[in-house]
2 protein chains.
Amino acid sequence: MSGKHDLRVANAIDAGEGWHAIARGKGIYEAGQAGGAWRVMLGVVRLDRIGEEGPEFGGLALAGDVIGAETLLLGSYTFAARALTPVMIEPWGAVAERASPEVLLQALTTTEDRAADTLALRNGSPDRRINRLLALMGRGLAHGRKLVRVALPQLRDIAEMTGLTVETVSRTISRLKETGELDVRGNSRERQVWVTVK
Amino acid sequence: MSGKHDLRVANAIDAGEGWHAIARGKGIYEAGQAGGAWRVMLGVVRLDRIGEEGPEFGGLALAGDVIGAETLLLGSYTFAARALTPVMIEPWGAVAERASPEVLLQALTTTEDRAADTLALRNGSPDRRINRLLALMGRGLAHGRKLVRVALPQLRDIAEMTGLTVETVSRTISRLKETGELDVRGNSRERQVWVTVK
DNA sequence: CGGGGTCTTGATCTCAATCAACCAATGTGG
DNA sequence: CCACATTGGTTGATTGAGATCAAGACCCCG
């Protein structure tokens, strides 16, 4: 089934039915590349735009969000996409009915909302920023309301999203871990955090 | 003509043909309010979302951008909108043809792009942030490429958008003015800056 | 007039950036 | 399989840029 799609997606592992799994830290597509739109089914995707001095953080996409919609208009991506956690995506927008006004309006609305969420990650103390990021990532996973295990992104990514340095992020997480505010598990390569979602 | 529209817009001055002029600093609509979508024809609009502790900055809209599109789906606004500079808006999306997939995709694409622009306002030194903000505001006005006169928002607004304090913004602008990097004109109530757009 | 809002400027302080090591885990090549 | 480089994370010491606190100027409006 998946063979029907033009798979320009790097690092993707075909999981049948057109789904693709991308490992934490791997790129999904690059800016300027030709390709189509995707819906994020699981995990968190980081979007980067080419700024004056190299790529700069330009947005986040959570489970349920659509990425690469600009290709339906332009044919190629304006952002680069990377998986911050293990990610699953499926093609989107290929089917004509999906490009209905209602669906597009829905995508537009969640995009605006997500943009505000992302902006809020750069407000307040390091504690607040990191807690908000984790809460946000948790929302993308929680189907019911409860306790969710969130894969911790690389410190470098957390730093760039929150507008802090890696050192500050490291120190903050260490402190939150000590005070019991955060329950971090796993070895340094693959860490997870328990987050309460409301 | 404009009487046909349901005018829930506060502080709006009917300018004929459904256009509305809003003065610098005035609110356009509030979150939760019923209403429709608008296209910004002139000026810069600040969008705010209700956060955990009061309203927080959630995005920017420049000339050409669509605001309040969520109402086409939800019926009411999720953001509040305020004019940072003198603004003109016209109703959008009421006409069925305007909700075509192409137009919605266009709106979606520019929204994502604008979100990245807004995010970038919180990167780098105060100088860089303020210069980027002014450049961004200039882009919304420049039809050809040239020198553009931009109305300076209130310091409080600049501060909240860039993630700085009013004092830092005041000092930074004063310094840029001294070094000749910025040409600020007008009295304190209504100041303008000359910005080069590329 | 008085009062509230915006802007400006000064003095001080604090917290995150910076600079610098170091460690652990992983990967690489002979 | 071992030496070595690389990458990601941690921790410490120091510093400085921007936050904070405070006061005054200015303007507009009632």
Side-chain angles (χ1 to χ4, degrees), chain A residues 11 23-27 46 53 57 82-86 121-134 150-179 182-193, chain B residues 11 23-27 46 53 56-57 82-86 121-134 150-179 182 184-193:
Chain A
N11 303 307
R24 172 174 177 266
K26 297 292 182 188
R46 168 184 166 161
E53 45 237 32
F57 177 56
R82 273 184 49 228
L84 291 186
T85 69
L121 295 180
R122 285 157 179 251
N123 264 344
S125 67
D127 287 36
R128 254 178 67 83
R129 297 189 192 194
I130 290 174
N131 276 323
R132 283 184 92 149
L133 172 63
L134 294 176
V150 169
L152 198 67
Q154 292 192 355
L155 296 198
R156 191 170 135 74
D157 286 314
I158 299 181
E160 285 169 15
M161 288 188 282
T162 54
L164 303 169
T165 60
V166 275
E167 293 96 327
T168 300
V169 172
S170 176
R171 281 185 244 267
T172 303
I173 291 179
S174 294
R175 188 159 31 75
L176 292 177
K177 203 161 43 178
E178 295 241 324
T179 61
L182 233 50
D183 182 11
V184 186
R185 298 287 173 86
N187 60 36
S188 67
R189 285 285 144 179
E190 200 79 19
R191 294 190 293 181
Q192 278 128 19
V193 183
Chain B
N11 303 306
R24 172 175 178 266
K26 297 292 182 188
R46 167 184 168 162
E53 45 236 34
E56 60 183 10
F57 177 56
R82 272 184 51 227
L84 292 186
T85 67
L121 295 180
R122 284 155 181 252
N123 265 342
S125 66
D127 287 37
R128 254 178 67 83
R129 297 188 191 194
I130 290 175
N131 276 322
R132 283 184 91 150
L133 172 63
L134 295 175
V150 169
L152 199 66
Q154 292 192 354
L155 296 198
R156 189 169 137 75
D157 286 314
I158 300 181
E160 284 168 15
M161 289 187 281
T162 55
L164 303 168
T165 59
V166 276
E167 293 95 328
T168 301
V169 172
S170 175
R171 282 185 243 267
T172 303
I173 291 179
S174 294
R175 188 160 31 74
L176 292 177
K177 204 162 43 176
E178 296 241 322
T179 61
L182 232 51
V184 185
R185 299 286 174 87
N187 61 35
S188 67
R189 285 285 145 180
E190 200 81 17
R191 295 190 293 180
Q192 280 129 17
V193 182

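Chain identifiers are assigned alphabetically (A, B, ...) following the order of the sequence lines, protein sequences preceding nucleic acid strands; residue numbering begins at 1 within each chain. Computed from heavy atoms alone, side chains included, the values below leave out hydrogens, waters and symmetry copies.
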| Electrostatic pair A:E167-A:R171, nearest N-O below 4.0 angstrom | no

What pairs of nitrogen or oxygen atoms, one from the protein and one from nucleotides 19-23 of chain C, lie under 3.5 Å apart?
unit_1, atom_1, unit_2, atom_2, d
C:dC19, N4, A:E167, OE2, 3.2

| request: Could you tell me whether A:G163 contacts a base, only the sugar-phosphate backbone, or nothing, with contacts defined as non-hydrogen atoms closer than 4.0 Å? | output: sugar-phosphate

| the helix from C:dC1-D:dG30 to C:dG30-D:dC1: angle between its terminal axes, five pairs each, to 10°? | 40°

| Rounded distance (Å) that lies between atom P of D:dT7 and atom CG of A:D157 | 15 Å

| Spacing of CG belonging to A:L121 relative to CG belonging to A:N131, to within rounding of 0.5 Å | 11.5 Å

| Quick one: OG1 on B:T168 to CD1 on B:I173, what's the gap to the nearest 0.5 Å? | 11.0 Å

| task | Taking B:R122 for its side chain and B:M161 for its backbone only, find out whether a donor-acceptor pair lies under 3.5 Å. | result | yes

| task | Kindly compute the distance separating CZ (B:R185) from CD (B:Q192), expressed to the nearest 0.5 Å. | result | 10.0 Å

| request: Assign A:R175 to base, sugar-phosphate, or nothing according to its heavy-atom contacts below 4.0 angstrom with the strands shown. | output: nothing

| field | Value in whole Å for how far the P atom of D:dG9 lies from CD1 of A:I130 | value | 12 Å

| field | A:R191: salt bridge (charged side-chain N to carboxylate O under 4.0 Å, His left out) partners, not counting sequence neighbours | value | none

| request: Using whole Å, report how far NZ of B:K26 lies from P of C:dG5. | output: 13 Å

| Looking at CZ of B:R129 and OG1 of B:T172, how far apart are the two atoms once the value is rounded to the nearest 0.5 Å? | 10.0 Å

| query | Tell me: CD1 of B:I173 to P of C:dT6, nearest whole Å? | reply | 15 Å

| request: Using whole Å, report how far CZ of B:R156 lies from C1' of C:dG4. | output: 14 Å

| field | Cationic N near anionic O, under 4.0 Å, A:R132 to B:E56 | value | yes

| message | Side chain of A:R24 only, heavy atoms from C-beta on: which candidate in C:dC7, D:dT10, D:dG9 is closest? | response | D:dG9

| message | Please determine whether a side-chain nitrogen or oxygen atom of B:T165 lies at a distance below 4.0 Å from atom OP1 or OP2 of D:dG18. | response | no

| query | Roughly how far apart are A:I158 CD1 and A:T165 OG1, rounded to 0.5 Å? | reply | 12.0 Å

| B:R122 CZ - D:dG18 C1' separation (whole Å) | 15 Å

| message | Once rounded to the nearest 0.5 Å, what's the spacing between atom OG of B:S170 and atom CZ of B:R175? | response | 11.0 Å

| field | Closest listed nucleotide, where the reference is the side chain of A:Q154 and the choices are D:dG9, D:dA19, C:dC7 | value | D:dG9

| task | Return the value, rounded to whole Å, for the distance between atom CG of A:N123 and atom P of D:dA19. | result | 12 Å

| query | Would one find a side-chain N or O of B:R129 under 4.0 angstrom from OP1 or OP2 of D:dG18? | reply | no

| Whole-Å gap separating P (C:dT8) and CG (B:L155) | 5 Å

| Hey, does the side chain of B:T168 come within less than 4.0 Å of D:dG18's phosphate (OP1/OP2), counting only N and O? | no

| field | Short side-chain N/O contact to C:dT9 OP1/OP2 from B:S174, under 4.0 Å | value | yes

